[in-house]
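A short write-up of the structure that comes next.
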Amino acid sequence: MPHPGGDRPWPVPRPPPRHFFDLLAQGETLALERLAGLADTCGLTARALADYLPRPGCQAYPSYAARLALGAEPTDVVIALTANFAAWGGCCATVEAAMRAHYDFPDAARAFFGFFAEPAPAVGERAHAAVQHGLDTGQARPAEAHRYGRLLQAYELMFWNSVAD
């Protein structure tokens, strides 16, 4: 059946995994904005930030996440990331509390960590919808999701160990 507006096709509904990843992208934008307060408090200039050389161990997690985004079944990635978020949120809560209690960092400097330390019900809801979609369509592969989650967790530990060095 042709679209009432002419030759255009009917809109294709966006699958639930896409809604999940769209929300994550929006969150990453908000998180990046919150890093400015930390940089300011630490006295980092725009030049110092531009000249910063990333620690290799801190790049493994985002590199692997990008690899999954490019080639893995989206539902499996949703499962793996969602499982990892609890650990990430816990680490961010610990860092935020220490920055407040031991170093008296102002709210703006702690905002990035506080953002990830807070529960995100919308992320959970979208993850649930994405996983249910994967189960309903047979696209979910729990063994792969487990493998991805295990590696994400290991790369996150590598991140924190690299930060501590």
Side-chain angles (χ1 to χ4, degrees), residues 1 3 5 8-39 49 52 54-99 107-163:
M1 172 186 282
H3 188 278
R8 295 179 308 177
W10 284 97
V12 176
R14 294 168 46 177
R18 182 164 175 189
H19 294 292
F20 174 82
F21 292 115
D22 284 347
L23 185 62
L24 291 190
Q26 292 168 24
E28 290 295 318
T29 299
L30 295 173
L32 181 60
E33 292 169 0
R34 285 163 174 75
L35 278 174
L38 179 60
L49 292 171
Y52 175 74
R55 295 177 179 192
C58 293
Q59 301 307 304
Y61 183 100
S63 177
Y64 185 64
R67 178 178 163 226
L68 292 177
L70 289 172
E73 169 57 46
T75 300
D76 299 336
V77 179
V78 171
I79 294 168
L81 287 173
T82 303
N84 181 251
F85 288 163
W88 170 248
C91 288
C92 286
T94 299
V95 170
E96 193 274 336
M99 291 171 75
D107 290 347
R110 299 187 328 263
F112 172 85
F113 296 101
F115 177 75
F116 287 110
E118 294 295 319
V123 172
E125 292 166 9
R126 291 197 184 177
H128 182 268
V131 171
Q132 189 61 57
H133 172 79
L135 292 171
D136 292 346
T137 60
Q139 294 172 327
R141 299 171 307 180
E144 289 298 309
H146 180 266
R147 180 186 335 246
Y148 300 155
R150 185 183 62 76
L151 285 169
L152 283 170
Q153 196 65 35
Y155 292 139
E156 180 171 339
L157 179 59
M158 184 186 295
F159 169 87
W160 289 110
N161 287 337
S162 296
V163 168

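In this chain, residues are counted from 1 in sequence order.
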Practice problem: Determine whether the aromatic ring centres of Phe112 and Phe116 lie less than 6.0 Å apart. | Solution: yes

Quiz item: Does a side-chain heavy-atom distance below 4.5 Å link Pro142 with Ile79?
Solution: no

Practice problem: List the atom of Val131, the atom of Thr75, and the distance in Å for their closest heavy-atom pair. | Solution: CA-CG2, 4.0 Å

Quiz item: Any side-chain heavy atom of Glu118 within less than 4.5 Å of one from Cys92?
Solution: no

Practice problem: Search all heavy atoms of Ala39 against all heavy atoms of Leu49 and return the closest pair with its distance. | Solution: CB-CD1, 4.0 Å

Quiz item: What are the two closest heavy atoms between Ala87 and Gln153, and how far apart are they?
Solution: CB-NE2, 3.3 Å

Quiz item: With a 4.5 Å heavy-atom cut-off, do Arg34 and Arg110 have their side chains touching?
Solution: no

Quiz item: Which atom names give the shortest non-hydrogen contact between Tyr64 and Leu152, and what distance separates them?
Solution: CD2-CD2, 3.7 Å

Quiz item: Residues two or more places apart in sequence or in another chain: which of them pass side-chain hydrogen bond (donor to acceptor under 3.5 Å, both in side chains) with Glu33?
Solution: none

Practice problem: Could you tell me whether the side chain of Val77 reaches within less than 4.5 Å of the side chain of Phe20, counting heavy atoms only? | Solution: no

Quiz item: How far apart are the C-alpha atoms of Phe21 and Val78, what are their side-chain angles, what is the distance that settles it, and do they pass the side chain to side chain contact (heavy atoms under 4.5 Å, CB included) test?
Solution: CA-CA 8 Å; Phe21 292 115; Val78 171; 3.7 Å; yes

Quiz item: Distance from Arg126 atom CZ to Leu24 atom CG, nearest 0.5 Å?
Solution: 9.5 Å

Quiz item: Just how far is it from atom CZ of Phe115 to atom CG of Leu35, taken to the nearest 0.5 Å?
Solution: 11.0 Å

Practice problem: Compare all side-chain heavy atoms of Leu151 with those of Leu68 and state whether any distance is below 4.5 angstrom. | Solution: no

Quiz item: With under 30° as parallel and over 60° as perpendicular, where do the rings of Trp160 and Phe113 fit, or are they tilted in between?
Solution: tilted

Quiz item: Strictly under 6.0 Å, is that where the ring centroids of Tyr61 and Phe159 end up?
Solution: no

Exercise. Looking only at non-hydrogen atoms, find the nearest pair between Pro17 and His133 and report the distance.
Key: CD-CD2, 3.8 Å

Quiz item: Where is the tightest heavy-atom contact between Ala80 and Ala145, given as atom of each residue plus distance?
Solution: CB-O, 3.6 Å

Quiz item: Which pairs with one or both residues in residues 61-87 pass salt bridge (Lys or Arg N to Asp or Glu O under 4.0 Å), sequence neighbours excluded?
Solution: Asp76-Arg141

Quiz item: How long is the gap from CG on Asp107 to CE on Met99, to the nearest 0.5 Å?
Solution: 10.5 Å

